[in-house]
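This report concerns only the one structure given below.
Just so we're on the same page: letters track the sequence lines, and every chain starts at 1.
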Number of protein chains: 2
Amino acid sequence: MTHPKGAQPYHHGDLRNALLLAAEQLLAEQGAASLSLRAVAKRAGVSHAAPYRHFRDRAALLRALAQGGFERLAGAIELAAGNASQNPEQKLVEAGVAYVRQAVERPALTRLMFGGSVMVEDDAAYRQASAAAFEALLKIIGEGVAAGVFRARDPRELALVAWTSMHGMTMLMTAGLLDSNASGNGGIDDQVRSIARNVIYGLSK
Amino acid sequence: MTHPKGAQPYHHGDLRNALLLAAEQLLAEQGAASLSLRAVAKRAGVSHAAPYRHFRDRAALLRALAQGGFERLAGAIELAAGNASQNPEQKLVEAGVAYVRQAVERPALTRLMFGGSVMVEDDAAYRQASAAAFEALLKIIGEGVAAGVFRARDPRELALVAWTSMHGMTMLMTAGLLDSNASGNGGIDDQVRSIARNVIYGLSK
DNA sequence: ACCTGAACACCGTTCAAGT
DNA sequence: ACCTGAACACCGTTCAAGT
């Protein structure tokens, strides 16, 4: 309605976000491998060359998508870390639940974030977004060490253990190799809590 | 020399393996995303339609590649499990080292195996190969529980914890998010051992 | 049986040209 | 500034045809 005769202008003013939105939909529907720039452009209602005004190439679009995923993930972990009514152990468990939950809700985005299809090296914003997620985890561990509930070791070392476990869970789940005995979403949450507690208490007697 | 005039016949008799070999080379050189069937055929010295005699489609070739990776992985873990001179804890640590080592040596293959680009669901051989790797791990855990060095829990539950940790390490390493403080291959092995021990002894005091 | 060559419907990317 | 349309060099896949 903002344009005479109903004819669209060059675009609705924010093609960049329109493209990201369309890409996120297509990603969820078909996976990253078959996410073509041309299909994204078509869904956004522009010609196949238009995206190049906003993204250097296909990889840049994928990177922007992955970056958004890391920001969401960092937010979810920070939320768990900031829950004042829980102790460090509980926070750690719930951070794991949040991590896996995002992966289960958005498996294609998660695979994109960690799948190596986007080049990590040359994107500072991408690295920063993933580092923020790690820092939120580190904060929980640091608290626990300070409170004496976790072992007195370098928090980075302990955080790495927690991170690898959480990350392994999400990757195995989005790969479809871990859902066998999980019924529904509550089933997955419980499974994650079980694994997280085993990480905390260890395998040895 | 087996053919008159040096003219090649239809092929050297085992095009299937020649294609797999060429694909593995290209995978290591360029990653799975840009591994085209046409490039594989060209490297194997046949027309671009020839691969379809041996693989239903591109995904089938990738699955065969991933399957080989799982077989190698299962073999490496079984080797660690069968080392009679080590106790269950040591075996578990070394299984982790083997797991990560293969990932670091063959990052593109590892991403292919776990990256979700190959459809896991519809391939029994693929599932079986990955299950064998898990069974080898389970055997180590079972021994440890029987020997009383691991906690008296369902070995599957404990094995899952070990697996998620090892898997998380490999995925983070092949994604380039974990190499910051590792210098050389011995550095990575030590890092893996450190993480594995933390998993065994737990985070809590 | 096993492979080739042409064909089709797609890609990513570039670039002159339009408004 | 922002977008289009044609063009190029690639894809995966199919299929008639060759030996």
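- For the ring pair (Phe, Tyr, Trp, His ring centres under 6.0 Å) condition, no pair includes a residue of residues 23-45 of chain A, sequence neighbours left out.
- With sequence neighbours excluded, the residues satisfying salt bridge (Lys or Arg N to Asp or Glu O under 4.0 Å) with B:R156 are B:E135.
- Shown here are the ring-ring contact (aromatic ring centres under 6.0 Å, His included) partners of B:Y52, two or more places apart in sequence or in another chain: there are none.
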Expected list for residues 37-49 of chain B: side-chain donor-acceptor pairs under 3.5 angstrom, two or more places apart:
{"unit_1": "B:R43", "atom_1": "NH1", "unit_2": "B:Q25", "atom_2": "OE1", "d": "2.9"}
{"unit_1": "B:R43", "atom_1": "NH1", "unit_2": "B:E29", "atom_2": "OE2", "d": "3.0"}
{"unit_1": "B:R43", "atom_1": "NH2", "unit_2": "B:E29", "atom_2": "OE1", "d": "3.1"}
{"unit_1": "B:S47", "atom_1": "OG", "unit_2": "B:A49", "atom_2": "N", "d": "3.3"}

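- B:E24 pairs by the side chain to side chain donor-acceptor pair (under 3.5 Å) definition with B:R72, not counting sequence neighbours.
- Rounded to whole angstrom, the span from the CZ atom of A:R53 across to the P atom of C:dG12 amounts to 17 Å.
- Listed by chain and number, the residues in a ring-ring contact (aromatic ring centres under 6.0 Å, His included) with A:F55 amount to none (sequence neighbours excluded).
- If you take CG of A:L61 and P of C:dG12, they are 10 Å apart, rounded to a whole angstrom.
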Dump every N/O contact between nucleotides 5-11 of chain C and the protein below 3.5 Å, one line per pair.
{"unit_1": "C:dA6", "atom_1": "N6", "unit_2": "B:H48", "atom_2": "NE2", "d": "3.0"}

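- Side-chain proximity of A:Y52 to D:dT4, C:dT13, C:dT4: nearest is C:dT13.
- The ring-ring contact (aromatic ring centres under 6.0 Å, His included) search around B:F134 returns B:W163, not counting sequence neighbours.
- In this structure, CZ of B:F55 is placed 12 Å from P of C:dC3, rounded to the nearest angstrom.
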Base-pairing string, 5' to 3', of DNA chain D - Watson-Crick or wobble, under 3.5 Å, | interstrand
||.|||||...|||||.||
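- The phosphate of C:dC3 (OP1 or OP2) has a side-chain N or O of B:H54 nearer than 4.0 angstrom.
- Between B:R16 atom CZ and C:dA1 atom P the separation is 19 Å, expressed in whole Å.
- For the pair B:R56 CZ and D:dT14 P, the computed distance is 9 Å after rounding to whole Å.
- By the 4.0 Å N-to-carboxylate-O rule, B:R197 lies too far from B:E89 to be salt-bridged with it.
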